[in-house]
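Side chains included, hydrogens not; waters and symmetry mates left out as well; all remaining heavy atoms used. Chain A is the first sequence line, chain B the second, and so forth, proteins listed ahead of strands; every chain is numbered from 1.
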There are 4 protein chains.
Amino acid sequence: MNKRAEERRKQVLRATLKAISEKGFSVVTLQDIADYADVSKGVISYYFENKEDVFYHLLEWMTDRIFQNEYAAIQKESKAIDKMRAYVNAAFKSPEDNRIFYSVYLEFLAQVNQNERFREVNSNFYKNCWFIGSEIIQKGKSEGIFTNIEVESGSHMIRALIDGCLLQWLMRDDEMLHSYYRDNCYDAIITYLNYKDS
Amino acid sequence: MNKRAEERRKQVLRATLKAISEKGFSVVTLQDIADYADVSKGVISYYFENKEDVFYHLLEWMTDRIFQNEYAAIQKESKAIDKMRAYVNAAFKSPEDNRIFYSVYLEFLAQVNQNERFREVNSNFYKNCWFIGSEIIQKGKSEGIFTNIEVESGSHMIRALIDGCLLQWLMRDDEMLHSYYRDNCYDAIITYLNYKDS
Amino acid sequence: MNKRAEERRKQVLRATLKAISEKGFSVVTLQDIADYADVSKGVISYYFENKEDVFYHLLEWMTDRIFQNEYAAIQKESKAIDKMRAYVNAAFKSPEDNRIFYSVYLEFLAQVNQNERFREVNSNFYKNCWFIGSEIIQKGKSEGIFTNIEVESGSHMIRALIDGCLLQWLMRDDEMLHSYYRDNCYDAIITYLNYKDS
Amino acid sequence: MNKRAEERRKQVLRATLKAISEKGFSVVTLQDIADYADVSKGVISYYFENKEDVFYHLLEWMTDRIFQNEYAAIQKESKAIDKMRAYVNAAFKSPEDNRIFYSVYLEFLAQVNQNERFREVNSNFYKNCWFIGSEIIQKGKSEGIFTNIEVESGSHMIRALIDGCLLQWLMRDDEMLHSYYRDNCYDAIITYLNYKDS
DNA sequence: TATGAATGAGCTTTCATTCAT
DNA sequence: TATGAATGAAAGCTCATTCAT
């Protein structure tokens with residue numbers, strides 16, 4: 001039955017996420033994943049073509065979840081400034097979640113140069129992120145703020161800053177800094193967007 | 001002779017940089033490195049404790065080179081605004097250099113969670129980067145600009161944006177975008193630093 | 001199934017015994033063992049932790065087999081003198097068996113200084129050997145012979161002579177001498193045990 | 001000059017003995033030996049054909065020294081019984097010496113099956129040992145004792161017991177037992193030699 | 001569907017030996 | 001004579017993948 005298969009695949013992907021976040025991308029074995037998923041090694045080969053295929057689907061699943069979460073967050077707000085805040089808050093969900101997701105995401109990014117499929121998934125994720133940024137900026141413009149910002153490049157810079165901040169936070173390995181980076185990231189974006197030539 | 005040893009180690013590190021950038025961190029073998037360096041496999045073990053030790057020294061060497069280059073660049077300028085431009089220009093040295101250095105650096109960052117020594121090297125690199133940012137902001141303040149920016153958090157955001165932009169550029173795999181990201185990065189930083197409350 | 005695993009392990013141990021006796025302890029490779037066992041290299045790692053673990057279990061298995069064989073032999077006899085003969089005969093089982101077992105056992109003894117686990121197994125084997133010697137001497141004493149011999153030191157000397165003879169025989173590489181050493185060993189022991197002060 | 005060469009070779013052999021006794025036969029590297037001898041690795045290759053050649057000469061040197069020492073010891077005594085005591089005492093020189101020499105000797109014995117040259121050296125050592133035993137037994141016979149013992153087989157058994165005792169002592173790793181095994185070995189030999197049919 | 005035994009390619013690492021200096 | 005840099009064969013071990021059950 002298709003439903004069972006879908007459940008199994010999810011089970012494997014969740015286990016893979018956990019395994020990578022704890023052991024590291026290049027160290028994780030199919031046996032590790034099987035152990036975390038509480039299934040036999042054969043199951044993985046049964047539902048996925050090979051190890052790389054598991055990783056591919058994990059990246060797809062992860063980035064989609066992040067996007068869905070962020071997009072849902074901005075939908076709940078009506079004003080551009082609130083949407084922006086919601087976007088950053090969603091990106092900086094929590095130290096625990098960010099640690100797991102971002103450290104694994106980082107491993108994928110590192111593989112992008114060697115894996116065209118990973119690149120495509122990330123390319124799509126970027127488009128979604130920029131879409132969020134664009135929506136917020138355009139909403140702002142319609143509200144009469146963010147007037148000096150180009151929509152496209154603005155959305156690029158917003159995501160660059162979010163990713164740059166999360167990366168720096170992750171590297172500093174101090175959960176206390178999570179709100180520091182979240183707030184400074186938000187402030188920097190707002191400052192950047194609101195700039196008015198004197 | 002000590003000089004010969006130093007030369008050999010550099011030779012191996014250069015080869016490792018090339019090997020990782022082309023094959024990827026987790027795929028690169030000692031044989032690959034040996035081939036790129038045009039030496040036998042044994043030489044690597046002769047001059048380094050093990051593979052991880054080669055990587056460690058490569059990261060150290062790379063980040064130090066980047067810092068030295070960036071720091072030298074800002075030293076050449078006298079005005080804060082020019083230093084900032086020089087900093088960004090140095091960070092966005094060239095598509096070719098950035099591609100090699102940044103893709104390898106990214107692989108190291110992905111390993112930081114599994115390797116304490118890598119973390120320490122990067123931690124030091126961050127401090128150097130923030131030092132550059134701080135110097136520029138302080139210079140700006142002494143010139144009467146950048147007045148609304150805190151030195152420390154400002155230096156953090158600057159580096160976050162630079163890294164975020166380089167990361168995004170790298171992921172997009174389009175050398176034409178290099179100047180686009182460099183200029184937008186610079187503009188975003190300047191906008192962020194010069195913000196004046198109305 | 002557990003039975004299959006046990007069978008496989010035995011298969012590997014038998015192959016290891018053969019491989020060591022023919023190629024030598026420090027020369028034997030996992031590939032050699034795999035070849036002798038007619039399995040792939042991976043099987044060995046699958047059923048044993050590592051090479052040293054294979055050796056450890058081989059030593060355990062060997063010494064246990066030798067002891068069981070010797071102990072069973074003396075059980076079949078009722079008189080002390082017959083038990084003694086049976087013990088020596090069991091120790092000098094046959095040129096072929098002694099060559100294989102004793103040459104491999106000797107290699108293990110040579111490793112005892114570098115391997116605490118080997119030492120423990122041999123220590124246990126010694127205790128078993130001394131137990132056999134003690135039983136025979138005590139039986140003799142109850143029969144009114146072996147009166148001048150201390151049980152403990154007597155059991156030590158008996159095993160020392162047996163091992164010394166087998167070692168010397170092995171070094172001389174002449175299968176014809178097997179019965180010569182067996183008989184002289186037995187005579188020497190009997191002489192030693194029966195000595196009566198005049 | 002020949003003298004310098006001889007000195008160098010001795011230096012290397014002494015270092016090899018120490019290296020093997022501390023690290024073990026199969027683990028010791030030429031670098032270890034060079035370090036212990038305080039010479040460069042090249043020196044070893046310069047004065048010996050290869051590693052095996054070093055070992056070969058070490059075995060020769062060791063067994064010759066042991067024999068010379070034991071033979072000199074029995075020469076100092078005039079009566080057979082005193083010679084026998086002197087022989088055993090020389091064989092059980094001291095816990096420290098026995099540990100070093102015998103553990104290394106044992107490693108060589110383990111190699112005899114794989115190395116014809118080692119076998120020859122040991123074969124010659126055996127002949128020397130048996131020669132000592134024969135001399136003592138014959139002297140005893142001329143004194144009217146040891147009458148029931150065959151010279152040849154007696155000399156074989158004597159050495160077998162000495163080696164068996166030293167082996168067992170070495171395996172027990174307790175220096176306190178040294179005098180225990182020495183004295184019991186001597187007693188056992190004397191008992192064995194003096195046996196008189198009633 | 002699911003298992004896990006078995007395979008063997010391919011990795012890192014060690015080290016005897018060589019040889020230019 | 002003496003050095004030690006360099007070589008590369010060969011080892012142990014890991015693990016993705018296959019496949020009989």
Side-chain angles (χ1 to χ4, degrees), chain A residues 1 4-5 8 26-35 37-55, chain B residues 1-2 4-5 7-8 11-12 26-35 37-54, chain C residues 1-2 4-5 7-9 11-12 26-35 37-55, chain D residues 1 4-5 8 26-35 37-55:
Chain A
M1 194 185 283
R4 179 202 210 94
R8 272 279 196 252
S26 61
V27 175
V28 114
T29 67
L30 286 183
Q31 188 62 63
D32 289 330
I33 296 173
D35 291 346
D38 222 32
V39 297
S40 83
K41 230 180 346 172
V43 167
I44 301 170
S45 297
Y46 194 83
Y47 287 106
F48 294 92
E49 294 203 14
N50 51 34
K51 198 184 180 186
E52 191 261 337
D53 193 48
V54 179
F55 288 170
Chain B
M1 192 184 285
N2 213 334
R4 180 203 211 88
E7 193 45 57
R8 270 280 193 254
Q11 185 183 3
V12 170
S26 60
V27 175
V28 121
T29 68
L30 288 181
Q31 189 60 64
D32 290 330
I33 297 173
D35 291 347
D38 219 32
V39 296
S40 81
K41 230 179 346 173
V43 167
I44 301 167
S45 296
Y46 193 82
Y47 288 104
F48 295 90
E49 301 226 352
N50 49 37
K51 197 184 178 186
E52 192 261 342
D53 194 48
V54 178
Chain C
M1 194 184 284
N2 214 334
R4 179 202 211 91
E7 192 45 57
R8 270 281 192 252
R9 290 170 67 93
Q11 184 183 3
V12 170
S26 60
V27 175
V28 121
T29 67
L30 288 182
Q31 189 61 64
D32 290 331
I33 296 173
D35 291 346
D38 219 32
V39 296
S40 81
K41 229 180 348 172
V43 166
I44 301 168
S45 296
Y46 193 82
Y47 288 103
F48 295 91
E49 301 226 352
N50 51 35
K51 196 185 178 187
E52 192 261 342
D53 194 47
V54 179
F55 287 172
Chain D
M1 192 185 283
R4 180 203 208 93
R8 272 278 195 251
S26 60
V27 174
V28 115
T29 67
L30 285 183
Q31 189 60 63
D32 289 329
I33 296 173
D35 291 345
D38 223 30
V39 297
S40 82
K41 229 178 351 171
V43 167
I44 301 170
S45 296
Y46 193 82
Y47 287 106
F48 295 91
E49 295 203 11
N50 52 32
K51 198 184 179 186
E52 191 261 338
D53 194 47
V54 179
F55 288 170

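- Counting to the nearest Å, the C1' atom of dT1(E) and the CD1 atom of I44(A) are 15 Å from each other.
- Nearest heavy atom pair, residue A37(B) against residue Q11(B), reads O-NE2, 3.0 Å.
- Contact detail for S26(D) and S26(C): the closest heavy-atom pair is CB-CB, 3.5 Å.
- Taken from CD in E7(B) to CG in N2(B), the straight-line distance is 12.0 Å, to the nearest 0.5 Å.
- As a whole-Å value, the separation of R4(C) CZ from dT3(E) C1' is 12 Å.
- For the residue pair V28(C) and K51(C), the shortest heavy atom distance occurs at O-NZ, 2.7 Å.
- Contact of the V39(A) side chain with the R8(A) side chain is registered, since non-hydrogen atoms from C-beta on lie closer than 4.5 Å.
- Side-chain N/O atoms of R8(A) include none lying less than 4.0 angstrom from OP1 or OP2 on dT1(E).
- Between dA6(F) and Y47(B), a contact under 4.0 Å exists linking OP1 or OP2 to a side-chain N or O.
- Side-chain proximity of V39(D) to dT3(F), dA6(F), dT7(E): nearest is dT3(F).
- Closest approach to the S40(B) side chain among dT7(F), dT7(E), dA2(F) is made by dT7(F) (side chain taken as heavy atoms from C-beta onward).
- Sequence order on DNA chain F of the closest nucleotides to D38(D) and D38(B) puts D38(D) first from the 5' end.
- Expressed to the nearest 0.5 Å, how far CD of E49(C) lies from CD1 of I44(C) amounts to 14.5 Å.
- In this entry the distance linking CG of D35(C) with P of dA11(F) reads 11 Å, nearest Å.
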Per-nucleotide pairing state of DNA chain E [Watson-Crick or G-U, under 3.5 Å; [ ] pseudoknot-crossing; | other strand]: .||||||||||||||||||||
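- In this structure, D32(B) contributes its side chain and T29(B) its backbone to a donor-acceptor pair below 3.5 Å.
- Here the side chains of V12(B) and F48(B) are in contact, with some heavy-atom distance below 4.5 Å.
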Contact state string [nucleotides 9-16 of chain E, B base, S sugar-phosphate only, - no protein heavy atom under 4.0 Å]: BBSSBBSS
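- Residues passing the side-chain contact (heavy atoms from CB on, under 4.5 Å) test with S45(C), sequence neighbours excluded: none.
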